[in-house]
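Data block below; observations after.
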Amino acid sequence: PPPPHVADSMATIVRALKEEGMSLPPLSVPPLGKVLALMRAGQASAQVYREILSALDATVVVLNAYTSSPNSYQIASLSTLVQHESGIAADPNSVKARCLAAMEVIDEVVSTPQHSSYHRNEFVADPVHYYGDLIPFAFLERNEVTWRGRIKQAAAETAYKRVGDAADKLAEAVALDFWGISKYEGCSTDLSSSREERSPILQDIFNNMFAIKSIP
């Protein structure tokens, strides 16, 4: 059985939840063991960190709403249970400070939901490369949509630059070799000067590649 003070805290919370007109806000907590294993192995995805961020945010909301209210005794009881289960001091102010610090660290790297919503050909803050008719957008979308909007560009500037340089080099090669354009001018390249009247590109969606339809 738990120590007497822990049992008293459990009884206090159960009693409060049974009373009419009082309920705690919903709080979805990710499975602790699985999350810790993924983080230690360096395999936690952006979605895992978003779930952690959501749980931390809900915890801060609960602490702000109830710590100074007439129902603050519930927070004290919950803190006792947290301290008993984790073995770490769980003073409400300390827990809040640690939650805010962790949220700040995660938010510096991971794109939050409002930054990662996908809309046709672009993320709100992380657009897929687009070269008009020069390269099939479906090809670029398929290769970039799996990782766009996961982390913020500022957290991986070098990697994002390499992707951008590779995409630009691919677009230039396609413009010169496939379309037969004499000069590549980036996104402003005029396809009307091409020797091709129709797109010379054939896309193979099953093998994730595209090729020229016929030998020039």
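- Annotation: side chain to side chain donor-acceptor pair (under 3.5 Å) contacts of Y160 (sequence neighbours excluded): D126.
- Listed by chain and number, the residues in a side chain to side chain contact (heavy atoms under 4.5 Å, CB included) with Q203 are P136, A138, F139, I205, F210 (sequence neighbours excluded).
- In this structure, P3 and H84 approach most closely via the heavy-atom pair CD-CE1, 3.5 Å.
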(message) Evaluate L53 against V110 for side-chain contact (heavy atoms from CB on, under 4.5 Å), listing each step before the verdict.
(response) CA-CA 10 Å; L53 193 62; V110 178; over 6 Å; no
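- Y131 is linked by a ring-ring contact (aromatic ring centres under 6.0 Å, His included) to nothing, counting only residues two or more places apart in sequence or in another chain.
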N/O donor-acceptor pairs under 3.5 Å from side chains in residues 5-17, not counting sequence neighbours:
| residue | atom | partner | partner atom | Å |
| --- | --- | --- | --- | --- |
| S9 | OG | H5 | O | 3.1 |
| T12 | OG1 | D8 | O | 2.9 |

Please list every donor-acceptor pair under 3.5 Å in which a side-chain atom of residues 91-103 meets a protein atom from a residue at least two apart or in another chain.
| residue | atom | partner | partner atom | Å |
| --- | --- | --- | --- | --- |
| D91 | OD2 | N93 | N | 3.2 |
| D91 | OD2 | S94 | N | 3.3 |
| S94 | OG | R98 | NE | 3.3 |
| S94 | OG | R98 | NH2 | 3.2 |
| K96 | NZ | N64 | OD1 | 2.7 |
| R98 | NE | S94 | O | 3.3 |
| R98 | NH2 | A89 | O | 2.6 |

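- Cluster partners of Y73 are absent, since no Ile, Leu, Val, Met, Phe, Trp or Tyr has side-chain heavy atoms less than 4.5 Å from it.
- Clustering ILVMFWY residues whenever any of their side-chain heavy atoms sit less than 4.5 angstrom apart, transitively, puts I201 in the very cluster that holds Y130.
- Listed by chain and number, the residues in a side chain to side chain donor-acceptor pair (under 3.5 Å) with D133 amount to none (sequence neighbours excluded).
- By the criterion of side-chain heavy atoms lying less than 4.5 angstrom apart, applied directly or through intervening Ile, Leu, Val, Met, Phe, Trp or Tyr residues, V174 is grouped together with L140 in one hydrophobic cluster.
- Looking at residues two or more places apart in sequence or on another chain, you find a salt bridge (charged side-chain N to carboxylate O under 4.0 Å, His left out) between D165 and K161.
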Side-chain polar contacts of residues 30-41 - donor-acceptor pairs under 3.5 angstrom, sequence neighbours left out - could you list them?
none

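- For the pair E141 (side chain) and V128 (backbone), a donor-acceptor distance under 3.5 Å is absent.
- Legend: residues meeting side chain to side chain contact (heavy atoms under 4.5 Å, CB included) with A211, ordered by chain and number and at least two apart, are absent.
- Take T146 and apply the side chain to side chain contact (heavy atoms under 4.5 Å, CB included) test, not counting sequence neighbours, and it matches no residue.
- V82 and I75 end up in different hydrophobic clusters when Ile, Leu, Val, Met, Phe, Trp and Tyr side chains are linked at under 4.5 Å.
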(request) Any chance you could lay out the side-chain contact (heavy atoms from CB on, under 4.5 Å) test for R50 and S111, step after step, and finish with the verdict? (result) CA-CA 8 Å; R50 286 188 191 126; S111 292; 4.1 Å; yes
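- Residues I151 and A156 come closest through the heavy atom pair CD1-CB, 3.7 Å.
- Residue M209 shares its hydrophobic cluster (ILVMFWY side chains chained together at separations under 4.5 Å) with no other residue.
- Neither V105 nor V109 shares a network with the other; the hydrophobic side chains, linked directly or stepwise wherever heavy atoms of I, L, V, M, F, W or Y lie under 4.5 Å apart, form separate groups for each.
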